[in-house]
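Let me begin by presenting the structure, written as structure tokens, before commenting on it.
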Amino acid sequence: MSTITDVTNPVVRAAIDPVVARVAARRDAWVRVGLPDRVALLRRAIDGVLAVSDEWVRTACLAKGAEPRSALAGEEWISGPMTTVRNLRLLAEALEAGGAPKPMRLRTRADGQVIADVFPHNLRERLMYSHMTVEVWIEPGMPPAQGRIYREKAAGLFPPGRTCLVLGAGNVASIAPLDVVYKLFVEDEVVVLKMNPVNDYLAPFFERAFAGLVEQDVFAIVRGGADVGQYLCAHPSIDSIHLTGSDRTHDAIVWGDTVEEQERRKAAGTPRIDKRITSELGCVTPVLVVPGSWSDGSIAFQARNVASMVAHNASFNCNAAKVLLLARGWNQREAFLEKLHDVFARLPARRAYYPGAEQRYHAYRQHYPQARALGPGGPHVVPWTVVPNVPANAGEYALTREAFCGVLAEVCLDVATADDFLREAVPFVNEHVWGTRGCMVIADGATQRRHRAAFENAIASLRYGGIGINVWAGANFALGVASWGAYPGNTLDRVRSGIGVVHNTMLFDHPKKSVVRGPLRLWPTPVWFADHSNLADLGRRATFFEAYPSWLRLPAVAWAGMKG
């Protein structure tokens, strides 16, 4: 495998075409691979990830400018190998259950919508994950059916196979491999993965970890730039495409290279690629802070929580906090903001490794002279920056353009009470904050109970695919049992945060959104906290625990977590 840079060269095309042909030739055979063999492949992949995990994490740290022995290495453990092996294990368990793993509970809302409680699934998870719970909300009017492809096979239906091109993400290490396994094991498609040039250093680890799939020619990796991606998208042997990236990249692939061509094709309804396309794209992720009465400790904890939602992975996440929405009349607003700014000022600077970060940052500074850098800057460093007093106006720059760097816009609504805030905040973010990938809501328990009807109606009304209540919505990504994707309803010509879902290890056929909940203060320190002091040790131990969970391994993981 080598990096390919010029698809106009016949020699280069001669290197790509056999890879695609080899995988495509196996698409019909893959459909007929039975559950026991698929489980064995997933279990082998778990061992493969563990075998490369130390080298994987070390390489990723060096590429992102982090010391491999520092606490920051824990981010790479948690968002890389740990999330990957947990997802692989849950998929293996789902297939062992015939493709329909039993949720903890199914309940029905007054309007008939079904909600599946899917986490924690056992006492070990309850002890491991600090009182967090996860719900998958099923699309209204649809049953909580699971594992469609496995139901059909049990009935003797074997449709023709398909070949999927996965265009990998360049930021979080586990995104690409988990997109691959979802397409293989949940949607029954063989996969060609085109690595993102930002992190294509991970390709050798993925090939070794998933050697069983590579050997069966149902998975292969190609490296290269945008021209290689375009060539593969149009390749006649590719039946579907899954993209993680930006809506601009999506539109360039689907509608054309220039804005003029895109507009012309959209108006005519003639995309230049006639294939099934799913996608996980960007979002200006809001944090809704519901007015309440918080202790000093809760203010300090949630300041760390929000800052960490920004700082994780140097803020190169599609669900990094980007808009902090507050009630102007909340009597603790200034205290909370002061503590939040203090936390940012103490966080170490991070290398802005993702292309374009410095340019996007300077564009924000030009739009908002009042922006405050709360940490040091420098070459290849975007300082943690807040933008106070951003107007709550439709079309506002900070509400409609994803910074994809360490910037947080502070927006106030002219309300004071929890009921008024919820009544105004939900339509505000639904209509005026760009994207539908995820959002967070922060509210103390007493406020949730006192305003239960308004609060639960707000959660139901939020048009986001992943919602975190007192918890970063990134937990939906890492835990695997949740669906991960934009809120349904986007279309190819108005794609916003994307189409379709991944992860979803419960194999629900019709997930609408997922909600992770937690108390106002979690203990021990959550793994996404940027100031977690023992994350490298915890991340490695948690990875091996998630691969093979046992009561014997749990005390060491718990002790590592309590030292954070």
From CA spacing to verdict: salt bridge (Lys or Arg N to Asp or Glu O under 4.0 Å), D239, R27: CA-CA 10 Å; D239 303 300; R27 56 192 170 192; 3.0 Å; yes
Worked verdict on N313 versus K64 for side-chain hydrogen bond (donor to acceptor under 3.5 Å, both in side chains): CA-CA 9 Å; N313 197 33; K64 294 180 178 181; 2.9 Å; yes
Proximity of H312 and W472 rings by center, below 6.0 Å: yes
Validation row: P355, V198 side chains within 4.5 angstrom (heavy atoms): yes
Side chain to side chain donor-acceptor pair (under 3.5 Å) partners for H510, two or more places apart: none
Flag, side chain of N317 to backbone of N319, donor-acceptor distance under 3.5 Å: no
Donor-acceptor under 3.5 Å (S315 side chain, A311 main chain): no
Side-chain donor/acceptor of R272 to backbone N/O of A252, under 3.5 Å: yes
Ring geometry between H503 and W484 (parallel below 30°, tilted from 30 to 60°, perpendicular above 60°): parallel
Side chain to side chain, L325 and V289, heavy atoms closer than 4.5 Å: no
Validation row: L202, T59 side chains within 4.5 angstrom (heavy atoms): no
Contact summary for T285 and M440, nearest pair of heavy atoms: CG2-CE, 3.7 Å
Salt bridge (Lys or Arg N to Asp or Glu O under 4.0 Å) assessment of R248 paired with E402: CA-CA 12 Å; R248 294 177 304 280; E402 185 181 14; over 6 Å; no
Charged N-O contact under 4.0 Å between D493 and K266: no
Donor-acceptor under 3.5 Å (D247 side chain, R496 main chain): no
Gap separating the CG atom of L243 from the SG atom of C233, nearest 0.5 angstrom: 8.0 Å
Modelled atom types, side-chain donor and acceptor of Y487 and S497, under 3.5 Å: no
Y364 ring center within less than 6.0 Å of Y397 ring center: yes
V382 and W384, any side-chain heavy atoms less than 4.5 Å apart: no
Side chain R265, main chain T270, donor-acceptor under 3.5 Å: yes
Exercise: identify the closest heavy-atom pair between S240 and R162: CB-NH2, 3.8 Å
Aromatic plane relationship, H235 with Y231 - under 30° parallel, 30 to 60° tilted, over 60° perpendicular: perpendicular
Near-ring test W30/F185, centroid separation under 6.0 angstrom: yes
Test applied, side chain to side chain contact (heavy atoms under 4.5 Å, CB included); reference residue, V411; option that passes from L399, L324, V429, L326: L399
Closest contact, heavy atoms only, L462 versus K513: O-NZ, 3.0 Å
Side chain proximity check, L281 to I499, heavy atoms < 4.5 angstrom: no
Donor + acceptor pair across side chains of H242, T278 (<3.5 Å): yes
Pair T244, D179: side-chain N/O donor-acceptor within cut-off below 3.5 Å: yes
N199 side chain vs A169 backbone, donor-acceptor pair below 3.5 Å: yes
Parallel, tilted or perpendicular: rings of W56 and F206 (30°, 60°): perpendicular
side-chain hydrogen bond (donor to acceptor under 3.5 Å, both in side chains) assessment of Y354 paired with N171: CA-CA 7 Å; Y354 207 90; N171 54 341; 5.8 Å; no
Electrostatic pair D188-K153, nearest N-O below 4.0 angstrom: yes
From OG1 (T258) to CG (D251), nearest 0.5 Å: 11.5 Å
Partner set under side chain to side chain donor-acceptor pair (under 3.5 Å) for R276, not counting sequence neighbours: E187
Backbone N/O of L507 and side chain of Q146: donor-acceptor pair under 3.5 Å: no
Side-chain donor or acceptor of E261 paired with backbone N/O of D257 under 3.5 Å: yes
Minimal non-hydrogen separation, L95 against L42, with atom names: CD1-CD1, 3.9 Å
Beyond-backbone contact of V433 with Y464, side-chain heavy atoms, under 4.5 angstrom: yes
Heavy-atom side-chain contact between R109 and W137 under 4.5 Å: yes
Donor-acceptor pair, side chain of N490 and main chain of V495, under 3.5 angstrom: yes
Under 3.5 Å donor-acceptor, T249 side chain and G245 backbone: no
Check: S514/E135 side-chain N/O donor and acceptor closer than 3.5 Å: no
Pair E431-R463, salt bridge (Lys or Arg N to Asp or Glu O under 4.0 Å): steps then yes or no: CA-CA 9 Å; E431 300 298 334; R463 296 200 294 264; 2.6 Å; yes
Chi angles and distances behind the side chain to side chain contact (heavy atoms under 4.5 Å, CB included) call for V515, I469: CA-CA 7 Å; V515 180; I469 301 174; 3.8 Å; yes
Audit row: D217, R26, salt bridge (Lys or Arg N to Asp or Glu O under 4.0 Å) steps and yes/no: CA-CA 7 Å; D217 287 330; R26 290 284 295 162; 5.8 Å; no
Step-by-step side chain to side chain contact (heavy atoms under 4.5 Å, CB included) determination, R151 to D509: CA-CA 11 Å; R151 293 197 314 273; D509 296 341; 2.7 Å; yes
Electrostatic pair E152:R148 at N-O distance under 4.0 angstrom: yes
Closest non-hydrogen atom pair, L232 against I238: O-CG1, 3.4 Å
Donor-acceptor pair between Y150 and R38 side chains, under 3.5 angstrom: yes
Heavy-atom check, side chain of L193 versus side chain of V222, under 4.5 Å: no
Nearest non-hydrogen partners of Q370 and N389, listed with the distance: NE2-O, 3.8 Å
